[in-house]
There are 2 protein chains.
Amino acid sequence: MKEGPDIARIAALIGDPARANILTALMSGKALTASELAAEAGVGLPTASSHLRKLEEGGLIALRKSGRHRYFTLSGGEVARVLEALMGLAAGHGHVRSRTGPKDNALRRARVCYNHLAGEMGVEMYQAMRARGFVTDEGGTLTLTQAGERFITGLGVDLATLPRSRAPLCRECLDWSARQSHLAGQLGRALFAQFIANGWARRTEGSRAIRFTPVGETAFARAFGRDGATVSTG
Amino acid sequence: MKEGPDIARIAALIGDPARANILTALMSGKALTASELAAEAGVGLPTASSHLRKLEEGGLIALRKSGRHRYFTLSGGEVARVLEALMGLAAGHGHVRSRTGPKDNALRRARVCYNHLAGEMGVEMYQAMRARGFVTDEGGTLTLTQAGERFITGLGVDLATLPRSRAPLCRECLDWSARQSHLAGQLGRALFAQFIANGWARRTEGSRAIRFTPVGETAFARAFGRDGATVSTG
DNA sequence: TCAATGCTTCGCCCATGATCGAAGCATGAA
DNA sequence: TTCATGCTTCGATCATGGGCGAAGCATTGA
């Protein structure tokens, strides 16, 4: 009967284990080469090449040539959001995934979601910003308030440097592990970049997990912790 | 490298055309039998039976036996939301789907999304309710305000009859055609049921499309139209 | 020009799984 | 009991497509 868009095409693209691994690796937001993705996916180079062509033709990933390297990224935030949503389904229904190793715990705590902070800490941050009125929801679109502007400026983010594109400044993204929304969009991206720049957090090589430094933990708690709001001046 | 949940398993389930058709048919929110779903999917009964078993084992659909019939439904709203998100990806990236027939237009205008109203009219309704302060976003969870309670009571919805379950009363669901959120959750479901009960709208047989009656169009516009807010008392 | 690197294309093998006809097994009706 | 309906299971077929080795092409560097 075929009503609506052809979801089977897209789902089948994501449905191959090798391709799912490739997409998951690209959720780190980094541009990766074909060889790196082959290693991530656990397949040979010819196989990965074939998969990458299909993913590109399907519009899920984008390609940027640079010399004799070819860098691949997710084609946009919408793809990342669908992948997170799928992870939510897989984590929930999927027979309580084998054994949740220590790596999984790190992922649940803090990880990159395409280009912004996700996991418990991402959710905490978003909720704190909502609770303190830094971000409000105006009839369906998230907006950064003046108080919010002052706040993130205090964290060292320069709003003026953000590209004034049509991409929304703030955006919600549903977290697969916490099952609540965290902050995506340009602001989410800028804040995460700032955490890295400030030395609050570091990416983990070859993983989406984010390790916060002791200094970063403290600073994050002061900025976004439950107590933070009341204690800050105390 | 296998980080996070096993999305390939879920995506592969959705990725078969026959299964995708089955899931799409179940987006109507109605419980359908194996034979009906076989017809929807365009495959034989044994094939459909096999698919249904896989979908159920994968946790995407639920089964309710009744006499010698076996009724299938989506296993929950989360599955519906993932399907809608996939439709968004497929509609956007997918080479501008063949020809958007008249049926597609009807779907874009108004359709069922599992159990609530989606499409342009769904988005209009949600935005009107947000704009008038009937529904607000309190730190990440949608809440029905007192004004909102009065409003929907005026439409004939009896809040007291809604099951007091842990399922959220209000919830956003991203619309694949309009690319904006519409109202899901118990409230979305109740409102849609009320439209049907009031005779404002009718389901289209064998389709997710919703046909509003002339009376319904007028009533809907008065209740949720842009002018409605200012004109209502005029 | 020659070599090295990065990736793609080709050809082949092979496993998975989608499909259906026929038979089997329930449930309900006569 | 006997038949009809609704669905599942079995068995066999067959197409799709994932996988890799080898060869080919492009870019860079010497």
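Predicted model only: the values in this text are computed from it and were never measured. FYI, side chains are in, hydrogens and waters are out, and symmetry mates aren't considered; it's all heavy atoms of this structure. Throughout, a chain's letter reflects where its sequence line sits, starting with A, and its residues are numbered from 1.
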Test item: A/Leu60 and A/Ile14 side chains (from C-beta on) under 4.5 Å apart, heavy atoms: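 Touching, per the 4.5 Å side-chain cut-off.
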Nearest to the side chain of [X] - [options]?
X       : options                : value
B/Ser49 : D/dG21, D/dT8, C/dC20  : D/dT8
A/Arg70 : D/dG17, D/dC20, C/dT8  : C/dT8
A/Arg19 : C/dG21, D/dG18, D/dG19 : D/dG18
A/Asp16 : D/dG18, D/dC20, C/dA18 : D/dG18

d([atom1], [X]; [atom2], [N]) in whole Å:
X       : N      : atom1 : atom2 : answer
B/Ile22 : C/dT19 : CD1   : P     : 9 Å
B/Leu52 : D/dT9  : CG    : P     : 11 Å
A/His69 : C/dT8  : NE2   : C1'   : 16 Å
A/His51 : C/dT8  : NE2   : P     : 13 Å
A/Leu37 : C/dG6  : CG    : P     : 14 Å
B/Arg53 : C/dG17 : CZ    : P     : 12 Å
A/Lys65 : D/dC25 : NZ    : C1'   : 12 Å
B/Leu45 : C/dA26 : CG    : P     : 18 Å

Closest-nucleotide 5' rank along DNA chain D - winner of B/Ala34 and A/Pro46: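 Here B/Ala34 is the residue nearer the 5' end.
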Listed partners of A/Glu36 passing salt bridge (Lys or Arg N to Asp or Glu O under 4.0 Å), at least two apart: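 Here no residue qualifies.
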Least distance between heavy atoms, A/Leu13 atom then A/Lys54 atom: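 That would be CD2-O, 3.9 Å.
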Closest heavy-atom pair and its distance - A/Ala201, A/Ile196: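 That would be O-CD1, 3.5 Å.
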Aromatic ring pairing B/His182/B/His116, orientation class (parallel under 30°, perpendicular over 60°, tilted between):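 Judged by the thresholds at 30° and 60°, the geometry between B/His182 and B/His116 is tilted.
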Sugar-phosphate only, base, or nothing, as touched by A/Lys54 at under 4.0 Å among non-hydrogen atoms: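 Sugar-phosphate contact only - A/Lys54 comes under 4.0 Å of backbone atoms but never of a base.
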Sugar-phosphate only, base, or nothing, as touched by A/Ala18 at under 4.0 Å among non-hydrogen atoms: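 Sugar-phosphate, no base atom in range.
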Heavy atoms from other residues, nucleotides or ligands near CZ of B/Arg81 exceed 12 (cutoff 6.0 Å):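 Result for CZ/B/Arg81: enclosed.
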Contacting residues from residues 25-33 of chain B, given that a heavy atom lies under 4.0 angstrom of DNA chain D: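 Here the set is B/Thr33.
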Any B/Thr47 side-chain nitrogen or oxygen under 4.0 Å from OP1 or OP2 of C/dT19: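 Looking at the OP1 and OP2 atoms of C/dT19, neither is under 4.0 Å from any side-chain N or O of B/Thr47.
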Donor + acceptor pair across side chains of B/Tyr126, B/Glu172 (<3.5 Å):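 Looking only at side-chain atoms, B/Glu172 and B/Tyr126 do form a donor-acceptor pair, the distance falling under 3.5 Å.
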